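From a predicted model like this one, the values you see are computed outputs, not experimental measurements.
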Amino acid sequence: KEEDKDYVILSKGHAVPAQYAILADLGYFSKDELGHLRQVGAMLQGHPCVKTPGIVLATGSLGQGFSAAHGLALSLKLDCRPNKVFVVLGDGELQEGIVWETAMSAAHYMTSNLIAFVDNNGLQIDGPCKKVMNVAPIQDKFEAFGWRVIQVKDGHDYEELLSAVRRARAETRRPTCIWCHTVKGKGVPFAEGKVEYHVAALSEEEMKVAE
């Protein structure tokens, strides 16, 4: 509830288990809750819910989290507050028209406190983004709408990510897109780059290998 806090909104809501793990580690709720993911009546559901401590916005319908994040950022700016709003989008999510309406609006209103991460792993639930609906060139599109784009060549390198965040936080005239090149399933050899593991639950045997 701190007034000076920044906000994190996961527009690609299906990736929320990663956010749950971070929130539990930060003490927002007991780590025991992680063992009940997506169970009926449990706190942690398959998409973000505002009833979960630390979750700012319920998301799931792709693209809508981005527009809501802009609305929040714009309201903070109008109140002359220093808070930043970070929003995470998937590359397949960029196929949604509402994403580009938001990009246009954010640039028009110079919403410089809005920082969007694009998780560019090249895959979505139906297959490779290039085959489903090509979203490239990502950088050119955001820049054409008036955004600053910072490319992160290794989206799994924390130092490179933090450097990009520091540069984005210093921007005062326009919104920033941090374009991250990533690998789906990074660090788990049998799942790396495999569309079959999009929001897939691992078996007990797979969990042992992944650990």
Is atom CZ of F29 surrounded by more than 12 heavy atoms (other residues, nucleotides or ligands) closer than 6.0 Å?
-> yes
Whether over 12 other heavy atoms sit under 6.0 Å from Y28 OH = no
Which heavy-atom pair separates [X] from [Y] by the least distance, and what is that distance?
X	Y	value
P128	L123	CA-CD2, 3.9 Å
A210	V188	CB-CG1, 4.0 Å
G155	C180	CA-CB, 4.2 Å
A168	I178	CB-CD1, 4.2 Å
K153	E160	N-OE2, 2.8 Å
V183	H156	N-NE2, 2.9 Å

I'd like a table of donor-acceptor pairs (distance under 3.5 Å, sequence neighbours excluded) in which one partner is a side-chain atom from residues 38-51, with atom names and distances.
from, atom 1, to, atom 2, distance (Å)
Q39, OE1, H36, ND1, 3.1
Q45, NE2, Q39, O, 3.0
Q45, NE2, A42, O, 3.1

Quick one: does [X]'s side chain get under 4.5 Å of [Y]'s, heavy atoms only?
X	Y	answer
K184	E192	no
Q64	I98	yes
S163	V165	no
Q19	I55	yes
S203	E205	yes
L161	D157	no
P175	I115	no
R148	E143	no

Test applied, side-chain hydrogen bond (donor to acceptor under 3.5 Å, both in side chains); reference residue, Q124; option that passes from E93, Q95, K12 | Q95
Mind checking who shares a hydrophobic cluster with F142, ILVMFWY linked at side-chain heavy-atom distances under 4.5 Å?
-> Y7, I9, V56, L57, F66, L72, L76, V85, V87, L89, L94, V99, W100, M104, L114, V118, V135, I138, F145, W147, V149, W179
R167: what forms a side chain to side chain donor-acceptor pair (under 3.5 Å) with it, not counting sequence neighbours?
-> none
So how far is it from S112 OG to E171 CD, rounded to the nearest 0.5 Å?
-> 6.5 Å
How many angstroms lie between CZ in F117 and OG1 in T176, if you round to the nearest 0.5 Å?
-> 10.0 Å
Does the [X] side chain pair with the main chain of [Y], one donor and one acceptor, at a distance under 3.5 Å?
X	Y	value
N120	D91	no
T111	N113	no
K77	M110	yes
R81	E3	yes

Check whether the side chains of N83 and D6 place a donor and an acceptor atom closer than 3.5 Å, and report yes or no.
-> no
